[in-house]
Amino acid sequence: MAKAKTVFFCKECGTESSKWLGQCPGCRQWDTFVEEPVIKKSSTGPSNRGISAQPVLLSEVKSETESRLSSGIGELDRVLGGGIVPGSLVLVGGDPGIGKSTLLLQTCREIVNKGKRVLYITGEESKGQIKMRAERLGAFSGELLLLCETNLDLIEDVANKHKPEIIVIDSIQTMFKEDIASAPGSVGQVREATGALMRLAKSTGITIFIIGHVTKEGMVAGPRVLEHMVDTVLYFEGDNYASYRVLRAVKNRFGSTNEIGVFEMQGSGLIEVKNPSEYMLNGRPEGEPGSVVSASIEGTRPILVEVQALTSRTNFNMPRRTAAGTDYNRVNLLMAVLEKRLGIQLGDCDAYVNVAGGMRITEPALDLAIVTAILSSFRNITIKSNTILFGEVGLTGEIRAVNMADQRVAEAAKMGFEICILPQANRGKIKAPEGIKLIGVKNIGEVMEYIKENR
Ligand code: TYD
Ligand code: MG
């Protein structure tokens with residue numbers, strides 16, 4: 001019997017090769033090639049050369065902005081850039097159990113309740129399971145079409161027959177196309193299935209939400225090309241132990257990226273969190289060393305977060321350092337700056353840094369808060385609970401300007417903070433809002449002085 005033909009695909013960028021390669025020539029990543037059966041017919045690519053292509057004038061093309069449909073969930077609309085764009089393909093990725101199915105079922109509920117037609121296709125759960133979830137979420141006054149199916153060719157037929165406005169695919173890893181020999185969830189299948197859904201969305205104007213599982217590395221499982229093919233990529237993330245969830249846009253052809261929506265998982269589904277700062281600062285210890293508040297920008301929105309640090313004498317040869325919710329290497333670097341610039345001996349200290357609430361923030365504006373929290377814990381100095389600080393810390397210990405400082409200050413003032421320590425370079429350009437005093441600082445020495453005098 002003839003041996004089945006196989007090809008090799010790069011998991012990252014989808015590059016194809018007839019033999020295994022250590023390094024992908026496409027994206028230069030190592031060890032990303034996986035073997036898969038050959039795809040018999042490629043349905044992508046130019047096939048209709050006979051039809052002549054006609055360019056059009058840009059000025060004659062109609063803009064599509066007006067036709068957005070509200071999802072009925074404000075935080076989702078915000079992340080999508082102001083509502084659902086007809087005919088778009090939206091990928092929603094996230095860890096198992098984070099609430100992807102819940103979020104989309106809730107969206108379906110809002111949309112069917114407006115009298116629109118929605119088709120929810122699941123390859124993972126039974127109709128009964130979906131019904132149980134729907135009952136937790138509350139009343140469906142409209143009609144939602146459910147389909148338990150994984151064969152994409154059949155799904156296309158159903159979509160063409162019922163002509164819904166929105167389709168939800170739960171999840172792309174369970175879908176398969178018959179003409180591809182490999183198993184569902186494999187690189188080839190995921191790629192072809194997404195391609196088929198893209199053609200369906202673009203040819204019919206149906207908006208398709210695709211749920212995708214996330215691998216250990218935090219990517220949507222399957223080739224990176226998946227992210228290139230769709231219009232919008234949303235990640236749903238959050239701490240398994242905290243009830244809040246963040247929906248983040250990492251790619252959006254119809255709006256700004258890095259916009260976030262905040263939700264809280266409750267017994268009756270996801271509830272929008274309209275004021276995330278208040279939520280994040282809830283339960284903050286006041287008058288304890290090692291706890292400071294900083295202002296971070298997520299997308300276009302300022303969010304106040306609490307940064308905590310704990311230093312203690314190490315019992316090992318190598319001090320332990322951990323960073324939860326922020327960049328580990330950045331914390332090490334900031335500790336080195338503290339040692340060198342302020343002469344603080346942290347070499348025999350374990351240090352733990354945590355952004356409370358389970359939020360993950362990597363922007364450098366948090367530097368000053370991290371440094372101050374470590375100092376505060378090490379020296380046992382409390383930072384007053386009416387004080388907030390932000391700024392980037394450079395290698396020489398200088399405090400560098402950050403973007404959108406005025407919005408951070410405005411949010412701090414809104415949340416009732418009275419003192420804001422910020423980079424001197426930003427201080428000059430901002431008028432202090434009512435009730436908050438701005439203190440510009442140039443280096444970490446000045447910050448140290450200030451907190452010692454105002455403990
Ligand atoms: P689910 O949407 O099934 O996650 P995913 O599709 O991302 O795998 O949500 C799973 C979790 O959410 C589950 O552990 C139960 C919890 N949950 C609630 O707390 N409240 C609710 O109302 C619902 C529907 C789920
Ligand atoms: Mg699910």
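Sequence positions, counted from 1, serve as the residue numbers for this chain. In each ligand, atom 1 is the first atom listed, and ligand 1 is the first ligand listed. All values derive from a computational prediction rather than experimental measurement.
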Problem - Side-chain (Lys114) to main-chain (Ser70) donor-acceptor, under 3.5 angstrom - result: yes

Practice task
Run the numbers on Glu143 and Lys116 for salt bridge (charged side-chain N to carboxylate O under 4.0 Å, His left out), then give the verdict.
Solution key: CA-CA 8 Å; Glu143 283 304 321; Lys116 312 249 182 215; over 6 Å; no

Problem - Numbered atoms of ligand 1 (with element) below 4.0 Å of Gly267, judged on heavy atoms - result: 20 (N), 21 (C), 22 (O)

Exercise for the section: Please answer whether the main-chain N or O of Gly83 pairs with a side-chain N or O of Arg68 as donor and acceptor at a distance below 3.5 Å. Expected result: yes

Completion exercise
To atom 1 (P) of ligand 1, the nearest of Asp95, Ile98, Thr102, Thr122 on a heavy-atom basis is Thr102

Exercise for the section: For residues Ala410 and Pro433, report the shortest heavy-atom separation together with the two atoms involved. Expected result: CA-CG, 4.5 Å

Handout entry: Enclosure of Lys202 NZ (heavy-atom neighbours >12, cutoff 6.0 Å)
Key = yes

Fill in the blank from the handout: On a heavy-atom basis, the closest approach of Pro423 and Val402 is CG-N, 4.4 Å

Handout entry: Under 3.5 Å side-chain donor-acceptor pair for Gln189 and Ser182
Key = no

Practice task
Mark the output for Glu124 as yes if a heavy-atom distance to ligand 1 is under 4.0 Å, and as no if none is.
Solution key: no

Exercise for the section: Step through the shown structure and confirm whether more than 12 heavy atoms of other residues, nucleotides or ligands are within 6.0 Å of CZ on Arg320. Expected result: no

Problem - Per-atom contacts, ligand 1 versus Ser268 - under 4.0 Å to a heavy atom - result: 22 (O)

Practice task
Show which atoms of ligand 1 fall inside a sub-4.0 Å distance from at least one heavy-atom site of Pro96.
Solution key: 8 (O)

Handout entry: Lys414/Glu411 under salt bridge (charged side-chain N to carboxylate O under 4.0 Å, His left out): CA gap, chis, key distance, verdict
Key = CA-CA 5 Å; Lys414 196 178 102 194; Glu411 179 78 2; 3.5 Å; yes

Handout entry: Asp95 backbone acceptor or donor facing Lys100 side chain under 3.5 Å
Key = yes

Problem - Charged tip of Arg408 within 45° of Phe390 ring normal and under 6.0 Å - result: yes

Exercise for the section: Look at atom 4 (O) of ligand 1 and say which protein heavy atom is nearest, naming residue and atom and giving the distance to 0.1 Å. Expected result: Gly99 N, 3.1 Å

Problem - Polar proximity ligand 1 side, Gly269 side, N/O cut 3.5 Å exclusive - result: yes

Practice task
Considering only non-hydrogen protein atoms, determine which one is nearest to atom 15 (C) of ligand 1 and report residue, atom name and distance to 0.1 Å.
Solution key: Arg136 NH1, 4.4 Å

Problem - Over all atoms of both residues, closest heavy-atom pair of Arg330 and Val393 - result: NH2-O, 3.6 Å

Problem - Atoms named by residue and atom, protein N, O or S, within reach of the Mg ion (ligand 2) (under 2.8 Å) - result: Ser101 OG

Exercise for the section: Name the closest protein heavy atom to atom 16 (C) of ligand 1, giving the residue it belongs to and the distance to 0.1 Å. Expected result: Met265 CE, 3.9 Å

Completion exercise
All heavy atoms of Ser101 vs all of Glu125, minimum pair found to be OG-OE1, 4.3 Å

Handout entry: ligand 1 atoms in contact with Gln266 (distance to a heavy atom under 4.0 Å)
Key = 18 (C), 19 (O), 20 (N), 21 (C), 22 (O)

Practice task
Specify whether the nearest protein heavy atom to atom 13 (C) of ligand 1 is under 4.0 angstrom away.
Solution key: no

Exercise for the section: Specify side chain, backbone, both or neither for Ser101, according to which of its non-hydrogen atoms lie closer than 4.0 Å to ligand 1. Expected result: both

Handout entry: Gly97 N/O under 3.5 Å from ligand 1 N/O
Key = yes

Completion exercise
Checking heavy atoms under 4.0 Å, the part of Arg133 that sits near ligand 1 is side chain

